[in-house]
Amino acid sequence: MSNIRAIRGMNDILPNETPAWQQLEAVVAATVRGYGYGEIRLPVVEHTELFKRSIGEVTDIVEKEMYTFNDRNDESLTLRPEGTAGCVRAAIQQGLLSVPQRLWYAGPMFRYERPQKGRQRQFHQVGVEAFGIATPDIDAELILLSARLWHQLGLSSSVTLQLNSIGSNESRAAYRAALVAYLAQHRDALDADSQRRLESNPLRILDSKNPDTQALLDGAPELSEYLDEESQADFARLCELLTAAGVEFDVNPRLVRGLDYYNKTVFEWVTDQLGAQGTICAGGRYDGLVAQLGGKATPGIGFAMGLERLVLLMEEVGSVAHDSARADVYVIAGGDLAHQCALVQVERLRDAHAGLRIVQHVGGGSIKSQIKKADKSGAMVALIWGETEVDEGTVTLKPLRGQGQQLTLPLAALPEALDTALSVES
RNA sequence: GUGGCCGUAGCUCAUCAGGUAGAGCACCGGAUUGUGACUCCGGAGGUGGCGGGUUCGAGACCCGUCGGCCACCCCA
C-alpha cells in the first residue's frame, strides 16, 4: 500500500538544512544572552482554555486554527499555536513575576492553516518576553535586541521595522466604535472578509490587503487620534529612544495585531523578499495579559520570530555559511583485521583530537571504493590501514586536497602528522 | 476554507496523433596486483502520486482523491 507520509504542513528539516538552523539558533542564543535574558522551556501542550483566554475567543487562531483534542481524561488540550500564553502561564505558576523578568524560549508551534511559502502547520518560533516593566525603555530594548539579531544574521538591509501604538483598552474601544460607525456607512464598498470582520474584529480591517478597502480607510478615523495621553507619551518616548539608537522605523498607523492581548506598542519586522508571508518577527505590549490569566497585574511585552521564514531569508540573501564537508578525516581499512586495528587507533585519535570530525569507513569494500568515499566525504586527509600497515605498526596518511605527499608513518607519529597535514591543507 | 498551476527513476526534467518510458546528475561495478578527483565502458533503478472512467489500447483524455507550489485568508 501507500507509504506513510509526514502530516501535511509538518516538514522534516534535513541534514543539508540543519546547518542554517544551527547558525540561526546560535546567533539567537548568543544575542539574547548578551541582553541578560534567561531561557525558559515550556510544554508543547497546554489546556485549551489558556489559549482561548489569552489569544481571544473570536480570533481566527482560536476559532479555526488550533490543534485541539481531548486526552484520555477527557480534558481539552491544545498544541500551542504561539508561545506567549504558555510563557505567561508558567511565569505566574512558578512565581517568576515578583521581580522584573527577561525570558526567551524556542520551539515548535502548531496552527492548522493551508501551507504555503513561509507558512506551515508545525513551525518554529523564538519568543522573547519581558515582564514587570511598564516604561517604554523596555520596548526599545526589545526592538534593539531584534535589530541586533538581523545585523548578526546579515539581514539588516532586507528588513524594515513597522511601528504603531494601539493604545489602552479604553481608547482602543472608543476608536473601534468610531471605526465601525464609519465603515458601517460604507458597508457595501467593503470586501466580503472585511464585512465579516466588521462584527468580529473590526480593527483587523485596517491591515486588509484589498486596495479598495484601503482606499476607503483613507477617509476613516485614525487610531492615533483616539490614543490616551499615556500611550501617546510612551510611544513618543519609544520613537525617541529608537532614533537615538539609530534604529530606523516606519510609523504605520494601520498596524494592528491578530491576537487580542496586545495594547500600546505593536511592531513588525517585515521583508519583501519572501512573498506573501513577509513578517519575520512581530510583537508588542500586553499589559493586561498576566492579570487576565489570573496573575497579579504585571505589564508585559514581547515578540516572536518565525524561524522558517528567517532561514528562508538567510538563504535568499546568501548569509548562510554552508560548508559541505562532513568529515575532516576519513579512515580506510583493507580487511577485517585492519578495520579492527583502525577502530582502536581511531578511538585514541578521538581522545586526542576532540572536535575533529573523524569518519571511519564501515561496510567493507575495496580500497579504491573506500578512497572514493573519502573523497566525497569532503575530508582533508584519509588514513589507511592495510595489511602492510598492520604488520608494521604504521598507518598511511594520504592528503586528499592540495598537493601534499602521501606518507606512511609509525602510529606514534600520527597525531602530530595529522595536525600538520590539517593545518597545511586548510 | 477559496482559487490558479503542478505530481514521470534518489534529484532536475524530457518524450509522444493516446500504442505499455528516456536524458543529465547521483548511485554501483570495471579500465592488471592496496589509492580518489578528469576520462572511457558497463550496470542497477520507475505497476508515470493513488483510485475510477473513456478507449482495442492511457503516464498522456475525463472525474475523484491525496500531495506539492503560489496566492487569497491568516500570521511568525
Side-chain angles (χ1 to χ4, degrees), chain A residues 1-11 14 16 55 59-66 80-84 106-128 146 159 191-194 196-197 201 204 207-210 255-259 267-271 274-284 302-313 330 332-335 338 361 363 365-379 381-390 396-403 406 408:
Chain A
M1 270 314 290
S2 55
N3 292 326
I4 297 176
R5 311 180 91 267
I7 292 165
R8 174 131 115 126
M10 302 201 181
N11 299 331
L14 302 179
N16 64 330
I55 297 169
T59 57
D60 284 292
I61 292 178
V62 170
E63 279 183 337
K64 48 193 185 189
E65 295 180 0
M66 295 204 305
R80 62 181 181 192
E82 59 104 38
T84 300
M109 309 291 164
F110 303 84
R111 291 181 201 171
Y112 189 89
E113 297 183 276
R114 187 82 170 258
Q116 70 180 69
K117 185 174 187 178
R119 186 173 82 183
Q120 36 282 124
R121 290 178 176 179
Q122 174 176 327
F123 60 103
H124 299 79
Q125 287 188 337
V126 164
V128 183
S146 59
V159 297
D191 57 275
D193 285 315
S194 294
R196 182 171 47 76
R197 289 204 208 98
N201 200 343
R204 295 283 296 146
D207 63 6
S208 166
K209 285 182 185 172
N210 186 303
L255 179 66
V256 292
R257 308 271 63 216
L259 287 65
F267 64 95
E268 266 183 40
W269 288 95
V270 298
T271 177
L274 290 182
Q277 308 300 326
T279 301
I280 56 159
C281 173
F303 66 80
M305 50 195 156
L307 300 191
E308 280 81 0
R309 292 179 186 180
L310 283 168
V311 168
L312 278 174
L313 191 56
Y330 197 94
I332 289 165
H361 181 86
S366 65
I367 295 286
K368 183 192 182 82
S369 66
Q370 291 188 43
I371 288 182
K372 279 191 182 182
K373 291 273 168 51
D375 183 42
K376 278 167 187 149
S377 75
V381 302
L383 295 179
I384 304 171
W385 271 273
E387 286 178 23
T388 317
E389 286 86 348
V390 173
T396 295
L397 188 158
K398 177 182 175 65
L400 295 169
R401 323 285 155 198
Q403 58 278 359
Q406 170 176 327
T408 298

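Lettering follows sequence order; numbering is per chain, from 1. Just so it is clear, the structure is predicted and the values come from calculations on it, not from any experiment.
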What contact category does K117(A) fall into here, base, sugar-phosphate, or nothing, at under 4.0 angstrom with non-hydrogen atoms? sugar-phosphate

What's E63(A) touching, base or sugar-phosphate or nothing? Going by heavy atoms closer than 4.0 Å. nothing

Taking the side chain of R114(A) as heavy atoms from C-beta outward, which of rC74(B), rA76(B), rA71(B) is closest to it? rA71(B)

By the 4.0 Å heavy-atom rule, please label Q370(A) as base, sugar-phosphate, or nothing. nothing

With a 4.0 Å cut-off on heavy atoms, is A374(A) in touch with a base, just the backbone sugar-phosphate, or nothing at all? nothing

OP1 or OP2 of rA71(B) under 4.0 Å from side-chain N/O of Q116(A): yes

Mark yes or no for a side-chain to base donor-acceptor pair under 3.5 Å between Q406(A) and rU35(B), with no hydrogen or angle criteria applied. yes

Scan L259(A) against the nucleic acid and name what it touches under 4.0 Å (heavy atoms): base, sugar-phosphate only, or nothing. sugar-phosphate

Round to a whole Å and report the spacing from CD1 of I7(A) to P of rC66(B). 15 Å

Got a donor-acceptor pair under 3.5 Å from the side chain of R119(A) to the base of rC73(B)? yes

Write down the distance between OH (Y330(A)) and P (rA37(B)), rounded to a whole number of angstrom. 15 Å

Write down the protein N/O and nucleotide N/O pairs, taken from nucleotides 25-30 of chain B, whose separation is under 3.5 Å; answer none if there are no such pairs.
{"residue": "rC27(B)", "atom": "OP1", "partner": "K376(A)", "partner atom": "NZ", "Å": "3.3"}
{"residue": "rC28(B)", "atom": "OP1", "partner": "K373(A)", "partner atom": "NZ", "Å": "3.3"}

For a 4.5 angstrom cut-off between non-hydrogen side-chain atoms, does P108(A) reach H124(A)? yes

4.5 Å side-chain heavy-atom contact, W269(A) and M305(A): no

Please determine if a side-chain N or O atom of K64(A) lies less than 4.0 Å away from the OP1 or OP2 oxygen of rC74(B). no

Under 4.0 angstrom between R8(A) side-chain N/O and rG68(B) OP1 or OP2: yes

List, with names and distances, any nitrogen or oxygen atoms from the protein found under 3.5 Å away from nitrogen or oxygen atoms belonging to nucleotides 5-12 of chain B.
none

Length of the line joining D191(A):CG and rC74(B):C1', which is rounded to integer Å: 14 Å

Using a heavy-atom cut-off of 4.0 Å across all strands, would you classify G9(A) as base, sugar-phosphate, or nothing? sugar-phosphate

For E65(A) and rA76(B), give me the distance from atom CD to atom C1', rounded to whole Å. 12 Å

Any idea how F303(A) and F267(A) line up, ring-wise: parallel (<30°), tilted (30 to 60°), or perpendicular (>60°)? perpendicular

Check RNA chain B for consecutive Watson-Crick or G-U pairs with both distances under 3.5 Å and list the runs of at least three as stems. B:1-7 with B:66-72, B:10-13 with B:22-25, B:27-31 with B:39-43, B:49-53 with B:61-65

On RNA chain B, compare the nucleotides closest to N11(A) and R257(A); which residue's is nearer the 5' end? N11(A)

